[in-house]
There are 2 protein chains.
Amino acid sequence: MTGASTTDRGLPNATVARLPLYLRALTQLRATGSATCSSDQLAEATGVSSANVRKDLSHLGSHGTRGVGYDVAHLQAEIAQAIGQTQEWNVVLIGAGHLGKALAAYPGFASRGSRIVAVVDADPERVGERVVDGLAIESADELDAIIRDRAVSIAILATPTHAAQEVADRLVAAGVTSILNFAPVALRVPDGVDVRQVDVAAELQILAYHEQRKSSPREEAVSG
Amino acid sequence: MTGASTTDRGLPNATVARLPLYLRALTQLRATGSATCSSDQLAEATGVSSANVRKDLSHLGSHGTRGVGYDVAHLQAEIAQAIGQTQEWNVVLIGAGHLGKALAAYPGFASRGSRIVAVVDADPERVGERVVDGLAIESADELDAIIRDRAVSIAILATPTHAAQEVADRLVAAGVTSILNFAPVALRVPDGVDVRQVDVAAELQILAYHEQRKSSPREEAVSG
DNA sequence: CTGTGTGAACCTTTTCACAGCG
DNA sequence: CGCTGTGAAAAGGTTCACACAG
């Protein structure tokens, strides 16, 4: 049965995708000293409509106060709990090319619940190279050992396209159950493994579609 | 009527987001010498269901042959036309940090319809530095001139978070109407400007949510 | 009087099922 | 037969509008 709906028993997928945005906004609000905030403020900070914010938060069995809003610290803790940010997640990064190195150096992961515990590359020439403080490139041969020894369940795939599927297979065999894939290819993975795709060229193509329509001579015959 | 400008008169948004995937798959199929392909093959190659593939292609007024499938070359041309890949789009990249440099060096843009015509950074120390063959970092002061002189309508924003909104404002003022934003902040832009957001840390947080549920003890064993 | 929480309406997207063409 | 194209149904998501709590 294909009924393994993405939602299962938890939060709606669309809501899950927005919780990180709320968390980010709440962290900022907290830094500014706000003790409470309204759904309108969260809407403003995240680009989501306020009705949508309220609906999302209501899924958490939310505890807003009518006439006042939400307690920033409390809501922050609530969301952190919901999306598993009470622990740090160990992540392995595969592929130390330009993109891999950029991701390894990105400070935004640590502050948002993920820790890159290893950077791996297939090229022996790169092994040993320091990518960032405390992280040196390791051999792809070590992949299985790294995943097992360092309790890794999430991988970032930043290899060349042609290697992506093979690496994904190895990751899954070694116990990884979530992959963030930057290679422009649809990975085949077994049920129970989550893949999220980041395809930058595709994003530009989507923007190009809209650009094309904007410069189209007259398609804009909406009510005048 | 609150004009929901998302669809207007063109293709459904969800379809537009998948056309680049089909295009990629068709290019590969063509390289292998296949003259035709079925919706099942495209489904396999893209991870989209075959019914969904057919529905998407039918929006293009598609020309498949029943019992046979689609003509690969023809469909490729059809999709390229629909998403504006008959021309190259000039793109400006702002921010030449780790990520900006990685994006500038990414070969996948050129082969998929976008050309980075300038890399710009606010740091005078970086100006003049060669990021890739034929591309040197230019000063952020040149931004307006670059956008106008090089017919740029799409920008990639890879600046630090705190600078993103200000840069976006300048981009819009200079005539940019599409932004691919890597800074983890919700940009405020006027109507008519499209923003697509890439938030890598948020992607990991979404994966973490699912990881948390997987390791959760309560699991309804319905698989059969 | 303010702003949450929520049923109901509305819209988008996906899936199903099958008629019909080659 | 195989595979497209497509109405119809189902699922998923967003917006509306307002009762109601503080």
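In what follows, every heavy atom counts, from backbone to side chain, and hydrogens, waters and symmetry copies are set aside. Residue numbering restarts at 1 for every chain, and letters A, B, ... go by the order of the sequence lines.
Residue A:Asp56 contributes atom CG, which lies 13 Å from atom C1' of D:dT15 at whole-angstrom precision. Taking atom CG of A:Asn52 as the reference point, atom P of D:dG12 lies 17 Å away to the nearest angstrom. Taking atom NE2 on A:His59 and atom P on D:dG13, their separation rounds to 9 Å, with Å as the unit. Here C:dT13 presents its P atom at 16 Å from CG of B:Leu57, a figure rounded to the nearest Å. Between A:Asn13 atom CG and C:dT14 atom P there is a gap of 13 Å when expressed in whole angstrom units. One can place CG of B:Leu75 at 12 Å from C1' of D:dT4, the figure rounded to the nearest angstrom.
Applying the side-chain hydrogen bond (donor to acceptor under 3.5 Å, both in side chains) test to B:Ser39 and every residue at least two apart in sequence or in another chain returns B:Arg54. With sequence neighbours excluded, no residue satisfies salt bridge (Lys or Arg N to Asp or Glu O under 4.0 Å) with A:Arg30. Scored by the side-chain hydrogen bond (donor to acceptor under 3.5 Å, both in side chains) test, B:Asp56 finds B:Thr15, B:Arg18, B:Tyr22 as partners (sequence neighbours excluded). In this structure, B:Gln87 has no side-chain hydrogen bond (donor to acceptor under 3.5 Å, both in side chains) partners at least two apart in sequence or on a different chain.
If you check every strand for non-hydrogen atoms under 4.0 Å, B:Ser49 touches sugar and phosphate atoms only.
Here the nucleotide nearest the side chain of B:Ala51, chosen from D:dT4, D:dG13, C:dC16, is C:dC16. Counting only heavy atoms from C-beta on, B:Tyr70 has its side chain closest to D:dG5 among D:dG5, C:dG5, C:dT13.
Within residues 18-44 of chain A, the residues having any heavy atom under 4.0 Å from DNA chain D are, by residue number, A:Arg18.
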Using atom names, set out every protein N or O paired with an N or O of nucleotides 18-22 of chain D below 3.5 Å, distance rounded to 0.1 Å.
{"unit_1": "D:dC20", "atom_1": "O2", "unit_2": "A:Arg66", "atom_2": "NH1", "d": "3.3"}

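For B:Glu88, the CD atom counts as densely surrounded, since its 6.0 Å shell holds more than 12 non-hydrogen atoms of other residues, nucleotides or ligands.
Residues A:Lys55 and A:Gly69 both approach DNA chain C. Their nearest nucleotides, taken by heavy-atom distance, put A:Gly69 toward the 5′ side.
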Could you pull out every donor-acceptor pair under 3.5 Å between side chains of residues 150-157 of chain B and any protein atom, sequence neighbours left out?
{"unit_1": "B:Arg150", "atom_1": "NH1", "unit_2": "B:Val117", "atom_2": "O", "d": "3.0"}
{"unit_1": "B:Arg150", "atom_1": "NH1", "unit_2": "B:Glu138", "atom_2": "OE2", "d": "3.0"}
{"unit_1": "B:Arg150", "atom_1": "NH2", "unit_2": "B:Glu138", "atom_2": "OE1", "d": "2.9"}
{"unit_1": "B:Ser153", "atom_1": "OG", "unit_2": "A:Glu211", "atom_2": "OE1", "d": "3.4"}

May I have the list of side-chain donor-acceptor pairs in residues 100-111 of chain A shorter than 3.5 Å, sequence neighbours left out?
{"unit_1": "A:Lys101", "atom_1": "NZ", "unit_2": "A:Glu129", "atom_2": "OE2", "d": "3.0"}
{"unit_1": "A:Ser111", "atom_1": "OG", "unit_2": "A:Gly108", "atom_2": "O", "d": "3.2"}

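Residue A:His210 forms a side-chain contact (heavy atoms from CB on, under 4.5 Å) with just one option from B:Thr177, B:Asn13, B:Val193, B:Ile83, and that option is B:Asn13.
Note on residues 66-75 of chain B: pairs passing side-chain hydrogen bond (donor to acceptor under 3.5 Å, both in side chains), not counting sequence neighbours, are B:His74-B:Glu78.
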